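What you see below is based on every heavy atom in this structure, not just the backbone, and it leaves out hydrogens, waters and symmetry mates. Keep in mind that what you see is a predicted model, and the values were worked out from it rather than measured.
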Amino acid sequence: MPRAAAATGYLAETDLSHWAAAWLQAEIGQLHRPAEGGDGVTVCMRDGGLQLQSSEVHASVQQKRGKRALFYDLTLLLHWRASHRHTQRTMDGVFKLYNVGQDTKYEPGGDKETSYMYELGFPQKWFGPSEPWAEAIKLAAADLFELAAAVVERWVKELTAKAVALGS
């Protein structure tokens, strides 16, 4: 249930952060990149996917003098695991999606001021040129950017609908 801050005459805020975090955690935990083509790599979430204790999820509706505005800001940290079907090898890593807000959008290769950004982490021994199976896993894990961004886009639609419903 959203909590409304006490208004001081003309300003009110409804915090949707708890709802937003729960929605994202449920959806991101289901992210899965099946083996495509001949790469033989499957990527899925581990440890529940979204690491809420290391993520930042803020969402609120603010009303000032009768005008309403939706604000949100996300930095999401995910744990992933990939497996290479042909070699039976696995790799664990982290994925960070950040710079997500009401004033940014998913645009691969876009400007860091206006676009979602991501970082992909994997074990240090696989930095730089690696065995072919490890290279395939690193390449497949980068697909998490598109997958996570699609979840965020659905979340924005749900959040917007929730914000509109609060004003009804």
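At least one donor-acceptor pair under 3.5 Å links the side chain of Ser17 to the backbone N or O of Ala59. Between the side chain of Gln102 and the backbone N or O of Tyr72 there is at least one donor-acceptor pair closer than 3.5 Å. Under a 3.5 Å cut-off, the side chain of Gln51 and the backbone N or O of Leu78 do not form any donor-acceptor pair. Trp80 contributes a side-chain N or O that, together with a main-chain N or O of Val94, makes up a donor-acceptor pair within less than 3.5 Å. Counting only distance, with no hydrogens or angles, the side chain of Ser54 and the backbone of Leu52 share no donor-acceptor pair below 3.5 Å. Listed for the Gln30 side chain is a donor-acceptor partner under 3.5 Å among the backbone atoms of Ala26. For Arg68 (side chain) and Leu166 (main-chain N/O), no donor-acceptor pair under 3.5 Å exists by modelled atom type. Side chain of Thr75 to main chain of Glu56: no donor-acceptor pair is present (N/O by atom type, distance under 3.5 Å, no hydrogens or angles).
Listed here is the closest heavy atom pair of Ala82 and Ile137: CB-CG2, 3.5 Å. Taking every heavy atom of both residues into account, Ala148 and Leu97 meet most closely at CB-CD2, 4.1 Å.
Listed by chain and residue number, nothing satisfies the salt bridge (charged side-chain N to carboxylate O under 4.0 Å, His left out) test with Arg85 (two or more places apart in sequence, or in another chain). The side-chain contact (heavy atoms from CB on, under 4.5 Å) test applied to Ser115 returns Glu107, not counting sequence neighbours.
Distance OG1/Thr114 to CG/Asp103: 9.0 Å, rounded to 0.5 Å. Annotation: the span from Arg81 atom CZ to Thr42 atom OG1 amounts to 13.0 Å, rounded to 0.5 Å. With rounding to the nearest 0.5 Å, the separation of CG in Leu16 from NZ in Lys162 is 6.5 Å. Put simply, CD on Glu146 and CG on Leu144 are 10.5 Å apart, with the number rounded to the nearest 0.5 Å. For the atom pair Leu120 CG and Lys138 NZ, the distance stands at 9.5 Å (nearest 0.5 Å). One distance of note links CG of Leu24 with CG of Leu74; it measures 6.0 Å at 0.5 Å rounding.
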>> Assess the residue pair Leu50 and Ser55 against the criterion (side-chain contact (heavy atoms from CB on, under 4.5 Å)); give the C-alpha distance rounded to whole Å, side-chain angles, the decisive distance to 0.1 Å, and a yes or no.
In response: CA-CA 8 Å; Leu50 180 60; Ser55 298; 3.4 Å; yes
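Under a 4.0 Å N-O distance rule, the pair Arg33/Asp39 qualifies as a salt bridge.
Ring centroid separation for the pair Tyr116 and Phe145 does not come in under the 6.0 Å cut-off.
Clustering of Ile, Leu, Val, Met, Phe, Trp and Tyr by side-chain heavy atoms under 4.5 Å joins Tyr98 with Met117.
Under the 30°/60° scheme for interplanar angles, the aromatic rings of Phe127 and Phe122 are found to be tilted. Ring orientation note: the planes of Trp19 and Trp23 are tilted relative to one another, at an angle of 30° to 60°.
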